[in-house]
Every structure is written in structure tokens, then in C-alpha cells.
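First the structure, which I've put down as C-alpha cells, then a few questions once you've had a look.
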2 protein chains.
Amino acid sequence: MYINDNVINKMQDTLKIAADGTRLKILSCLLNELDVSDSHPHLIEKCVNDISLQIGSSQSLVSHQLKVLKDGGFVKARKEGTKIYYSLKDEHVRQIMQITYEHVLEDDDND
Amino acid sequence: MYINDNVINKMQDTLKIAADGTRLKILSCLLNELDVSDSHPHLIEKCVNDISLQIGSSQSLVSHQLKVLKDGGFVKARKEGTKIYYSLKDEHVRQIMQITYEHVLEDDDND
DNA sequence: TGCAAATATGAACAACTATTCATATAATAT
DNA sequence: ATATTATATGAATAGTTGTTCATATTTGCA
């Protein structure tokens with residue numbers, strides 16, 4: 001892992017995208033209902049309105065944040081009629097959330 | 001991975017701490033010089049001034065950010081005379097950086 | 001063409017935060 | 001005691017960003 005300033009900046013940008021409650025809810029919403037014991041988990045696709053309802057945030061906010069997630073390479077979109085289905089883009093997103101999740105659980109023990 | 005609002009907030013806090021260039025430099029500075037092929041990597045300890053010099057940021061800034069990292073459970077401190085040696089606290093920090101690193105490298109291929 | 005549903009967008013504001021500067025504290029040695 | 005080294009702290013500021021509100025765009029359908 002050789003880290004120069006350019007890499008630091010990109011890592012910062014990537015982590016900034018993940019470091020937001022609304023975006024984390026969107027991501028967890030898109031990775032829920034996955035069978036973690038399945039070694040080839042199938043893709044969860046949800047449209048903007050579904051996500052909005054499930055996480056309890058406004059349509060506008062969800063749309064704004066989905067754009068951030070999409071520009072950052074966290075999710076991808078598929079158009080079908082008037083709806084646009086979003087899903088997680090790659091495995092790294094899952095991994096970042098998984099490890100962060102484990103980290104906060106471990107901290108609970110020390111509180 | 002059951003994620004409620006309380007967990008989301010803690011994940012947000014954790015990721016926010018990582019999502020900063022100066023703090024990433026400090027962390028990478030503390031995990032450099034590790035032999036990645038070593039299954040039991042030894043601890044790297046560095047004092048504030050060393051870190052300040054190595055990453056090219058002021059002593060004050062490094063001290064401020066080390067406090068953030070310490071409060072967030074990313075690093076720990078050991079006092080020895082007038083110097084205070086900082087080191088990475090747990091393996092999750094390494095993992096978050098490793099996966100984020102891989103994520104930004106993968107994105108380079110798509111640019 | 002007109003209407004409804006789904007999503008995106010732009011402006012505006014409030015809240016947060018990274019950095020700098022000056023200063024304070026703590027430990028050590030002379 | 002005084003000086004020096006190492007680190008921490010507090011205030012102030014400038015830049016960033018999450019959210020809301022209003023509105024625009026796009027698609028499908030009667």
C-alpha cells in the first residue's frame with residue numbers, strides 16, 4: 001500500500017461519501033435482504049421512491065444523495081420506464097460498511 | 001449486519017474521522033514500514049513531532065487531529081518523558097484503509 | 001395534447017469543520 | 001529557578017456540506 005498525496009485525496013473523497021447518515025441508510029437499504037451466507041449474493045435493485053419510503057427521507061434528499069453515491073462509484077443506475085433502479089456497484093462498498101460496522105460494535109464493549 | 005439508527009450514527013462518526021486528508025496521512029504514517037507479509041506486524045510508534053515532520057503539517061494541526069483520532073478509537077497514546085508515542089489502535093483501521101485504497105485503485109482503471 | 005408519476009436540479013440557509021495563530025501546560029536538564 | 005523541548009488547547013475564520021423548498025425534466029398513458 002504505497003500512499004502518495006494523490007491517493008490520499010482519492011481516499012478522502014471516497015470516505016467522505018460514505019461518512020453520511022443518509023447515504024449510509026441508502027447503502028444499507030440496498031444491501032439488506034441479501035443472504036450473507038450466499039457466496040454469490042444477488043443484486044438488490046430499488047427505485048428512488050422505494051428507498052425514500054424505506055429510510056424515511058424526502059424524495060429530493062434521496063435523489064441528491066444518490067447522485068453523490070453514483071458519482072463516487074458506490075451505486076449504479078438502471079432506467080426502466082419512469083423509474084430508475086439503483087443498486088450497489090461493487091464489493092468494496094459492502095466491505096467498507098462491514099468493517100465499519102464491526103468497528104462500532106467493538107467500541108460498544110469499551111463504553 | 002442489522003443496522004438501526006444508533007448504529008448508523010456511530011458508523012457515520014467513525015467514517016467521518018477517517019474521511020480527512022490530514023488524518024489519513026497520520027494513519028498511513030503509522031502503518032507504514034509494516035511488513036505486510038508478516039502475519040503478526042509489530043506496532044509502529046511515532047511521537048507528534050516525527051509525524052508532523054513526516055507528513056509536512058504543523059505541530060498544532062497534528063496534535064489537534066491526533067486528539068480526534070484518539071477520541072474516535074483509531075489510535076492510542078503512550079507517554080515517555082516529554083514525548084507521547086502514538087500508534088494504531090486496532091486492526092479495523094488498517095482494514096478500512098486497505099479496502100478504501102483498493103477501491104480508489106480500481107476506479108483508476110475506469111477513468 | 002394534457003395529465004400524472006417518478007426523478008432530477010438549483011438556490012438558499014444553517015450547521016459543521018479543518019486550519020492557523022497565539023498561548024498554555026508539562027517534563028527535563030543545567 | 002530558568003531555559004528548552006514536546007505537546008496540548010482555545011479562539012477565530014474560511015470553506016464545505018446536508019437539507020429543504022420550489023421547480024424542471026422525463027416517461028407513460030388517456
Side-chain angles (χ1 to χ4, degrees), chain A residues 5 8-30 44-89, chain B residues 5 8-30 44-89:
Chain A
D5 275 15
I8 289 283
N9 284 336
K10 288 185 177 176
M11 289 175 72
Q12 177 184 226
D13 293 343
T14 297
L15 288 166
K16 269 208 168 114
I17 291 172
D20 173 75
T22 303
R23 292 193 287 270
L24 283 173
K25 285 181 191 170
I26 293 174
L27 293 175
S28 77
C29 175
L30 289 177
I44 299 282
E45 285 187 329
K46 288 179 181 170
C47 64
V48 181
N49 200 43
D50 287 345
I51 297 173
S52 173
L53 289 174
Q54 289 185 27
I55 73 172
S57 297
S58 73
Q59 178 271 321
S60 177
L61 178 54
V62 171
S63 182
H64 273 298
Q65 303 300 4
L66 276 170
K67 177 169 170 47
V68 175
L69 290 170
K70 185 152 171 282
D71 291 348
F74 278 63
V75 302
K76 57 188 172 188
R78 183 178 64 82
K79 205 169 193 171
E80 187 176 310
T82 62
K83 291 187 177 179
I84 299 181
Y85 288 94
Y86 285 89
S87 55
L88 294 191
K89 196 175 176 191
Chain B
D5 275 16
I8 288 283
N9 285 337
K10 287 185 180 179
M11 290 176 71
Q12 177 183 230
D13 292 343
T14 297
L15 288 166
K16 271 212 167 107
I17 290 172
D20 173 76
T22 303
R23 291 192 287 268
L24 284 173
K25 285 182 192 170
I26 293 175
L27 293 174
S28 76
C29 175
L30 289 177
I44 298 282
E45 285 187 328
K46 288 178 181 171
C47 63
V48 180
N49 200 44
D50 287 345
I51 297 172
S52 173
L53 289 174
Q54 288 185 27
I55 73 173
S57 298
S58 73
Q59 178 271 321
S60 177
L61 178 54
V62 171
S63 181
H64 273 299
Q65 302 302 3
L66 276 171
K67 175 169 171 48
V68 175
L69 290 170
K70 184 152 170 281
D71 291 347
F74 278 62
V75 302
K76 58 187 170 188
R78 181 177 65 82
K79 203 168 192 171
E80 187 176 311
T82 63
K83 291 187 175 178
I84 299 180
Y85 289 94
Y86 286 90
S87 56
L88 294 190
K89 195 173 177 194

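All chains are named by letter (A, B, ...) in the order of the sequence lines, taking the proteins before the strands, and each is independently numbered beginning at 1.
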Between dT7(D) (P) and R78(B) (CZ): distance, integer Å:
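Result: 12 Å.
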
Heavy-atom nearest nucleotide on DNA chain D for E80(A) versus L66(B): which residue maps closer to 5'?
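The residue mapped nearer the 5' terminus is L66(B).
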
Out of curiosity, D5(A) CG to K10(A) NZ, how far, rounded to the nearest 0.5 Å?
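Here the interatomic distance stands at 13.0 Å.
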
Pairwise 5' ranking along DNA chain C for V48(A) and R23(B), keeping only the more 5' one
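Going by which nucleotide is closer to the 5' end, it is V48(A).
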
Round to the nearest Å and state the distance from D71(A) atom CG to dG18(D) atom P.
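Between P of dG18(D) and CG of D71(A): 13 Å.
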
OP1 or OP2 of dA8(C) less than 4.0 angstrom from a side-chain nitrogen or oxygen of K67(A), does that happen here?
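So the side chain of K67(A) is outside the cut-off, no N or O lying under 4.0 Å from OP1 or OP2 of dA8(C).
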
What is the minimum heavy-atom distance between V48(B) and S63(B), and which atoms define it?
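Scanning both residues completely, I find the closest heavy atoms to be CG1-N, 4.4 Å.
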
To the nearest 0.5 Å, what is the distance between SG (C47(B)) and CZ (R78(B))?
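So the SG of C47(B) and the CZ of R78(B) are separated by 10.5 Å.
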
Can you tell me how far NE2 of H64(B) sits from CG of L66(B), rounded to the nearest 0.5 angstrom?
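The NE2 atom of H64(B) is 11.0 Å from CG of L66(B), to the nearest 0.5 Å.
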
Is there ring stacking between H64(A) and dT19(D), where the centres must be under 5.5 angstrom apart and the planes under 30 degrees?
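Taking the rule of under 5.5 Å and under 30°, the ring of H64(A) does not stack on dT19(D).
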
Expressed in angstrom and rounded to an integer, what is the separation of I55(B) atom CD1 from dA18(C) atom P?
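Interatomic distance, CD1 of I55(B) to P of dA18(C): 13 Å.
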
Can you tell me the distance, in whole Å, between the NZ atom of K70(A) and the C1' atom of dT9(C)?
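Whole-Å distance recorded here is 14 Å.
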
May I ask you to evaluate whether Q65(B) reaches the phosphate of dT19(C), defined as a side-chain N or O under 4.0 Å from OP1 or OP2?
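Checking dT19(C) against Q65(B), a side-chain N or O does come within under 4.0 Å of OP1 or OP2.
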
Side chain of K79(A): nearest nucleotide among dG10(D), dT27(D), dT9(C)?
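Taking heavy atoms from C-beta onward, the closest nucleotide is dT27(D).
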
Within this structure, what is the CG-CZ distance for the pair L61(B) and R23(B), rounded to the nearest 0.5 Å?
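L61(B) CG to R23(B) CZ: 9.5 Å, rounded to 0.5 Å.
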
Any donor-acceptor N/O pair under 3.5 Å between dT4(D) base and T82(B) side chain
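Not at all, since no donor on one side and acceptor on the other fall under 3.5 Å apart.
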
Look at the side chain of Q59(B) against the base of dA8(D) and say whether a donor-acceptor pair falls under 3.5 Å; ignore hydrogens and angles.
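By the distance-only test, yes, there is a pair.
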
Length of the line joining Y85(B):OH and dA8(D):P, which is rounded to integer Å
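So the OH-P distance, Y85(B) to dA8(D), works out to 13 Å.
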
Nearest to side-chain heavy atoms of I84(A), which nucleotide of dA8(C), dT19(D), dT9(D)
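Of all the options, the side chain of I84(A) is nearest to dA8(C).
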
Tell me: CD1 of I8(A) to P of dA18(C), nearest whole Å?
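Taking atom P of dA18(C) as the reference, CD1 of I8(A) is at 15 Å.
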
Using a distance-only criterion (donor-acceptor N/O pair, under 3.5 Å, no hydrogens), is the base of dT19(D) paired with the side chain of S58(A)?
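Looking at the base of dT19(D), it does not pair with any donor or acceptor on the side chain of S58(A) (distance under 3.5 Å).
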
Let me know, please, whether K16(A) or G81(A) comes out on the 5' side of the other along DNA chain D by nearest nucleotide.
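Between the two, 5'-proximity favours K16(A).
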
Take atom NZ of K83(A) and atom P of dA8(C), then tell me their distance rounded to the nearest Å.
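Rounded to the whole Å, the gap is 13 Å.
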
Under-4.0 Å side-chain N/O to phosphate OP1/OP2 contact, Y86(A) with dA6(C):
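The answer is no; no side-chain N or O of Y86(A) sits under 4.0 Å from OP1 or OP2.
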
For V62(A) and for D20(B), locate the closest nucleotide of DNA chain C by heavy-atom distance; then report the residue assigned to the nucleotide nearer the 5' terminus.
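Per heavy-atom nearest nucleotide, the more 5' residue is V62(A).
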
When the distance from CG of L61(A) to C1' of dT23(D) is rounded to whole Å, what number comes out?
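So the two atoms are 17 Å apart, to the nearest Å.
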
Would you classify T22(A) as touching base, sugar-phosphate or nothing, given that sugar-phosphate means primed atoms plus P, OP1 and OP2, and contacts are heavy atoms under 4.0 Å?
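Counting heavy atoms under 4.0 Å across all strands, the contact made by T22(A) is with sugar-phosphate only.
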
Enter the distance from L88(A):CG to I26(A):CD1 here, rounded to the nearest 0.5 Å.
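Spacing of CG (L88(A)) from CD1 (I26(A)) equals 11.0 Å.
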
